[in-house]
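Encoded as structure tokens, the structure appears first; notes follow it.
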There are 2 protein chains.
Amino acid sequence: MLANQGSTAKIVRPTTLRESVLERILELIIIGSLKPGQHLVENELADNLGVSRQPVREALQLLSGEGWVDLRPGHGAYVHSPTVEEADQLLAVRTLLEAESARLAARNPDKTDISDLRDICNRGLAACVADDVDAAVAANSELHTAVVNMSGNRVLADLTSQVARRVRWYHTPVARHRGRASWEEHAALIDAIEAGDEDVAADIMRRHTEHTRQSYLESRAQNPVEEPPAPIRRRRPRAVSG
Amino acid sequence: MLANQGSTAKIVRPTTLRESVLERILELIIIGSLKPGQHLVENELADNLGVSRQPVREALQLLSGEGWVDLRPGHGAYVHSPTVEEADQLLAVRTLLEAESARLAARNPDKTDISDLRDICNRGLAACVADDVDAAVAANSELHTAVVNMSGNRVLADLTSQVARRVRWYHTPVARHRGRASWEEHAALIDAIEAGDEDVAADIMRRHTEHTRQSYLESRAQNPVEEPPAPIRRRRPRAVSG
DNA sequence: TTGTCGTCGACTGCCTACAGCATACATTCT
DNA sequence: AGAATGTATGCTGTAGGCAGTCGACGACAA
């Protein structure tokens, strides 16, 4: 189901400089060392990372493809900073995608997958009781990932991940952890998947992610971030066919 | 995410070389001059386009972000060639996204938008009757684009476009035009949107795109493409949070 | 004070060149 | 003959450098 990481290990990764630069910049963005809206000067990054500008440039291009940074031709790269509106739309789409994942997962539930889910759920609940926020967040993330992978639709999984990334949860930590109620919803979800109740599973997931969305929006309303002037992105519209 | 093209027109486009190279390569891919699975040698492209390798490289990186080409570190870029499985999954996701678009469009229908839809629909039907396949395909594309835009969710529109692009319809032209029945479905869809029938609109769109999916798959089953060895994509799994 | 112009600094975009692999072929050994 | 190894070639990855361009700041005029 999930690309088996085991076999991938066999492949010799020609771990290019560009890739490692990409990872490091990404890390800096995630931990918040590079703030949303910040201008990423190629020379600075190159110097700090001890490489030339070229790998940095290419890493930035790749990051833009994943929605982490925005490219303004002639101006350089800026850390992507989703507006409230965009975050709202992203979360709406996420709800849609994850609900479908839950539906597909329930369509042909797998015994081992289910038991994995239960393990994760138990760990998450334990972490929640122990007030270990980090562990709870990790388990939560793990669980959602497991469900989308169970859908069997890799495209769906990819898009979900992409969409979730672009929300930038880390800037509103409050929303990442809604406590015990969240885990009860998870448990109910697993039950529905195990029972093969497509509609129920989808509905639970939908409401669950909708809760998260509300949490996020409220959290963001309380901690308003100054919205930097929207970078001029030059996207060309492509027709939809069919 | 999709910049409004109207205001963009005013902005002086610092049309970089990389961007024009990107457009030209994209065109070559679309018209089929560069075939799926083909190895894109940077030097060749650079020579043919009369530029250096650098802009070509960067254009390829950007194209990889949009799913047009696959990058194999140390090997270069290859025109993306979706497997039947991937195309199937893409179309499944497209169904999901477009059905939601139709739902949202029906949630707050706009008079002028509706009349635009009808115009497009009439043109499409006329083209269909006149056996003008190109015009019919264009109208079809236009209509779907209009509906996703009516959803008011830019992220949704963007993702839909992205997903649709990755299917590569042009390699199975048969599936792009299902004739008159398709336009009757469109007409019904517009009625539902105008009436504000969310569920009906979503359902019509779902079945409509599902038809297209079936068409595509059958068409591809009849014209099997030799599947090139899957390039080793190095996707790093990212956690989903929330 | 406000609007306009010109200069300056900084950064990006692009080019050329070199180094490092990967693949394919030729060669040698068993 | 078959397998393993050496070699050659083509391509990618990276470095460094130059020119063009954008934005900011300050000077000058209304």
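Chain naming here is simple, since letters A, B, ... match the order of the sequence lines and numbering starts at 1 in each. Heavy-atom basis, side chains included; hydrogens, waters and symmetry copies ignored.
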Are A:Leu104 and A:Val148 side-chain neighbours, meaning at least one heavy-atom pair lies under 4.5 Å?
no
After noting the C-alpha distance and the side-chain angles of B:Arg166 and B:Glu86, does the key distance pass the salt bridge (charged side-chain N to carboxylate O under 4.0 Å, His left out) rule?
CA-CA 9 Å; B:Arg166 282 174 54 187; B:Glu86 186 188 353; 3.1 Å; yes
A:Val137 backbone acceptor or donor facing A:Ser141 side chain under 3.5 Å:
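Not a single qualifying donor-acceptor pair exists.
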Checking the side chain of B:His80 only, and the main-chain atoms of B:Pro36 only, is there a donor and an acceptor separated by less than 3.5 Å?
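No.
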Closest heavy-atom contact between A:Asp70 and A:Ser81?
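Taking A:Asp70 first and A:Ser81 second, the nearest heavy atoms are OD2-N, 4.5 Å.
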Any chance the side chains of B:Ser20 and B:Arg24 put a donor and an acceptor closer than 3.5 Å?
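Absent: no donor and acceptor within the cut-off.
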Can you find a side-chain donor-acceptor pair between A:Arg213 and A:Thr209 that sits under 3.5 Å?
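A:Thr209 and A:Arg213 do not have a side-chain donor-acceptor pair below 3.5 Å.
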Axis-to-axis angle across the helix from C:dT1-D:dA30 to C:dT30-D:dA1, five pairs an end, to 10 degrees?
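The value is 10°.
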Quick tally for nucleotides 10-20 of chain D: nucleotides whose base has a protein heavy atom under 4.0 Å get B, sugar-phosphate-only ones S, the rest -, giving -SBBBBBB---
